[in-house]
Amino acid sequence: MYDIGIIGGGPAGYVAAERAGQKGLSVVLFDKKKLGGVCLNEGCIPTKTLLYSAKMYDQAKDGSKYGIQCSEVTFDFAKIMQRKNKVVAKLVAGVGAAMKKGNIEVVFAQAEIAGRATDHIKIKAEEKIFECRNIILATGSEAFIPPIKGLVREEVMTNREILEIKAVPQSLTIIGGGVIGMEFASFFNSMGCKVSVIEMLDEILGPTDREMSVLLRQEFTKKGIAFYLGSKVVEIKGKEVIFEQDGKTGSMVSEEILISVGRKPVIQGLNLEALGVEIERGAVKTDDRCRTNIPNVYAAGDINGFSLLAHTASREGEVAVNNICGTTDRMRYHAIPSIVYTNPEIACVGITEEEAKAKKIAYKVRTLPMAYAGRFVVENEGKNGMVKIIVGEKFNEILGVHMIGNPASEMIFGAAIMIEMQMRLSDAEQIVFPHPTVSEILKETVFAFKD
Amino acid sequence: MAYPVIMPRQGQSVESCIISNWNKKEGDQIKKGDILFSYETDKAAFECESESEGVLLKCLYAEGDEVPVLKVVAVIGEPGEPIGMHLDEAVKEIAKPGEATSPIEIEEKKEEILVPMEYGAGERIKISPRARKKAEDLGISIDNISGSGAEGRIIEQDIIKAAETRQPATSLAQAMAKDLGRTIPAQGSGVGNRVTSYDLLSPAVAGEDSEIRKISNMRKIIAAKMHESLQNSAQLTHHTSADARRLLELRKVAKEAFEKGLSENITINDMVCYAVIRALKKHPMANCHFLGDSIKVFKKVHLGLAVDTERGLMVPTVRNADDLSIQGLAGQLKGAANSCKKGNINPELLASESATFSVSNLGSYGVELFTPVINLPQVAILGVNTIISRPADLGNGVFGFVPYIGLSLTYDHRALDGAPASAFLREIRLEIENLKFTI
């Protein structure tokens with residue numbers, strides 16, 4: 001009998017396993033493929049590895065702006081991919097080591113629920129029954145393939161296939177201008193590929209603060225990426241994507257097609273019906289303690305459909321374990337940062353201006369160019385960036401912080417702490433920022449409310 | 001010499017009042033006629049004027065405290081005067097609520113159980129005014145603080161100690177608590193159990209699963225009356241329904257008449273009440289008070305009507321309802337309901353003794369059947385349900401859908417047997433089905 005059975009070895013599952021192991025619980029972790037989930041194997045880590053290579057390539061080419069002459073800057077795509085595989089392998093091995101250290105039993109097999117006994121739940125894997133007092137469902141999500149006429153699954157790529165691509169294609173059509181689409185657009189554009197993005201909504205990056213997404217799109221347009229906004233793909237004929245824009249039909253032929261229109265929770269094959277786990281809009285319904293409607297059954301990560309971010313998933317895994325151990329722990333979703341690792345990066349936390357308007361929150365906003373921070377000017381010759389802070393009108397509490405410009409991804413946690421701690425402008429004013437850093441732009445923007 | 005200030009008694013049914021605001025504080029110079037404090041019953045707000053002169057030496061209760069009537073609230077006298085005598089008196093009174101000296105209280109034999117209790121929150125929290133002020137300043141809740149003062153009374157020091165050990169609140173939560181006039185809970189849902197604004201705004205989501213809310217005086221009275229009714233009688237309910245075609249026709253006529261300038265908009269409920277009054281005249285044994293060893297049979301019909309108000313259920317009475325025309329009845333029922341909603345109804349008309357029979361209409365909520373609770377000492381109450389269409393035999397082998405209005409009669413079997421109760425209910429049905437009136 002195990003204390004916890006965890007299905008899915010991604011950021012929700014392996015972190016939950018690690019935390020439970022530290023608490024001395026007996027844990028069995030199931031994964032049908034590799035530890036690390038989408039994040040480590042076909043998401044966060046490999047894409048960031050590729051994007052970093054692209055960034056170095058961009059910088060090398062840009063060297064003359066900083067007085068560094070590099071003649072004939074070239075890249076070796078096979079080496080870039082090899083390095084990515086090496087990084088992934090290293091980190092996956094790290095997770096394996098952590099599991100070993102925590103005495104976690106790892107079973108590489110498809111697992112499904114086999115029913116409930118009086119004091120435990122049965123999980124079936126490899127024809128064996130594992131008895132678990134509690135289970136955590138952490139199967140994550142997978143790329144959503146929309147029903148488009150003429151779409152043949154094998155002829156288009158998702159994040160999974162494109163990460164195994166052998167050479168940079170001449171041209172790439174990306175269907176869906178969300179975070180995944182934009183990161184691949186950034187990478188392949190840097191690699192010299194002709195990238196076109198077809199997005200159904202009137203702006204890229206969905207719920208991201210509008211000013212940020214507009215600025216990114218403008219930067220990308222300068223770099224040669226073509227955008228077709230408000231465009232609905234109606235048919236795919238081989239390598240040709242046919243779409244409708246403003247009632248007119250357009251067409252785009254490219255060497256490869258990437259589908260990145262969104263992701264959906266993986267709930268098939270788990271046999272959730274055996275326990276009667278409640279599903280809502282394709283996701284397992286959980287409360288803020290990661291409990292499902294069924295006692296002893298928890299769910300963490302993308303499977304609950306809330307946030308679809310690895311760091312959210314890990315925290316949910318911890319919350320589930322803490323609640324299993326009898327400590328009330330609750331998820332708070334209002335201060336979870338989200339990042340787009342394009343070049344330039346976008347990083348956001350809290351509410352957007354559009355959200356504030358929609359929810360009729362009385363707010364004040366200040367936006368400053370990143371160039372107000374000396375270090376940004378030092379390191380970003382001829383580049384654009386900005387920071388936007390949204391505060392509540394009455395109490396001046398910080399509600400949202402949005403940044404575009406490098407290295408936004410490394411600064412956003414500071415803003416997340418401000419929101420998590422419910423700091424007001426008067427509190428944030430008292431924080432000392434190191435000088436010279438790009439992060440000083442946060443302080444500048446906080447004081448901009450005094451103008 | 002020092003004078004005690006006593007919580008005045010407002011009407012016979014009022015057992016306690018809540019001090020809503022102190023206009024004077026300890027040490028203030030008081031003149032005759034000065035407003036000392038305002039206080040409220042479940043029905044109205046009043047002000048207490050000083051009848052003596054001097055310095056306000058002691059306030060025994062704080063704002064928000066519920067004080068039994070005729071209890072000492074404060075002491076006025078000259079500075080330095082001994083006031084112990086009055087305090088002793090106050091303690092004595094609190095200790096022996098049953099021993100009353102006023103003639104009005106002697107009439108009320110059940111004084112002991114009528115002493116207000118704190119429902120839901122367990123025992124009454126004893127706290128010094130100074131400690132309460134401190135708690136308010138610091139924004140901390142006084143629940144779950146054990147008092148170190150006499151008889152477990154919470155004193156200022158307890159509040160300071162509690163404030164030190166409690167989880168910190170974010171600066172936003174503190175500002176918001178002050179703004180909303182809310183207290184900061186002992187534990188929050190933020191980082192390190194910090195109390196956040198979410199804990200103040202939606203405690204059910206982010207904080208505790210539940211919260212303890214004090215109930216209003218009105219709610220206490222309703223709770224006591226309802227419980228008393230079910231405990232002290234033998235009530236059961238018969239259900240039937242009446243063909244509502246005639247009602248609906250008459251309602252159409254009434255509506256048209258109202259649109260053409262008739263002063264009253266006669267509703268279905270008015271018509272049902274009109275029919276009930278006529279049925280009561282034929283069945284006087286349903287128009288009674290059951291007094292234990294005797295039955296008080298009324299010659300007149302005083303009709304109680306259940307009214308939903310923001311503060312809770314009220315049942316005002318329309319006296320001599322059997323003397324009224326349908327327009328008159330409609331006007332009186334509407335007037336009584338509006339007075340309840342505004343809070344200016346004569347308290348005497350809310351006493352269950354003032355009505356001989358009551359009607360409760362939940363039809364507008366779509367209720368199809370319910371078991372209304374009798375307002376003792378009345379012997380019955382009629383619940384009026386929604387109108388639903390049902391298949392009916394229209395004669396000559398023809399079946400059709402007919403609108404029926406549901407009727408639920410709860411009666412006290414101590415006063416009335418099943419057969420006469422059924423006969424009375426049938427009478428109501430017949431009155432409704434054959435209702436006649438001229439506008």
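Here the structure is a predicted model, which is why all the values come from computation and not from measurement. Each chain gets a letter, A, B and so on, in the order its sequence line appears, and its residues count up from 1.
Surrounding OH of Y333(A) are more than 12 heavy atoms belonging to other residues, nucleotides or ligands, all under 6.0 Å away. Other residues, nucleotides and ligands contribute at most 12 non-hydrogen atoms within 6.0 Å of the NZ atom of K133(B). Heavy atoms of other residues, nucleotides or ligands lying less than 6.0 angstrom from CZ of R153(B) number more than 12. Q22(A) CD: more than 12 foreign heavy atoms inside a 6.0 Å radius. For F370(B), the CZ atom is densely surrounded, since the number of other residues' heavy atoms within 6.0 Å is greater than 12.
Both the backbone and the side chain of R424(A) have a heavy atom closer than 4.5 Å to some heavy atom of chain B. Proximity to chain A is absent for every atom of N193(B), based on heavy atoms less than 4.5 angstrom apart.
Using a 4.5 Å heavy-atom threshold, the side chains of M421(A) and T196(B) count as separate.
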Report the C-alpha distance between R330(A) and S189(B) in whole Å, list the side-chain angles of each, state the deciding distance to 0.1 Å, and finish with yes or no for side chain to side chain donor-acceptor pair (under 3.5 Å). CA-CA 7 Å; R330(A) 289 189 158 89; S189(B) 64; over 6 Å; no

Do M423(A) and L172(B) pass the side chain to side chain contact (heavy atoms under 4.5 Å, CB included) test, and can you show the C-alpha distance, the side-chain angles, and the key distance before you say yes or no? CA-CA 7 Å; M423(A) 281 192 196; L172(B) 174 64; over 6 Å; no

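Residues T170(B) and Q422(A) come closest through the heavy atom pair OG1-OE1, 2.7 Å.
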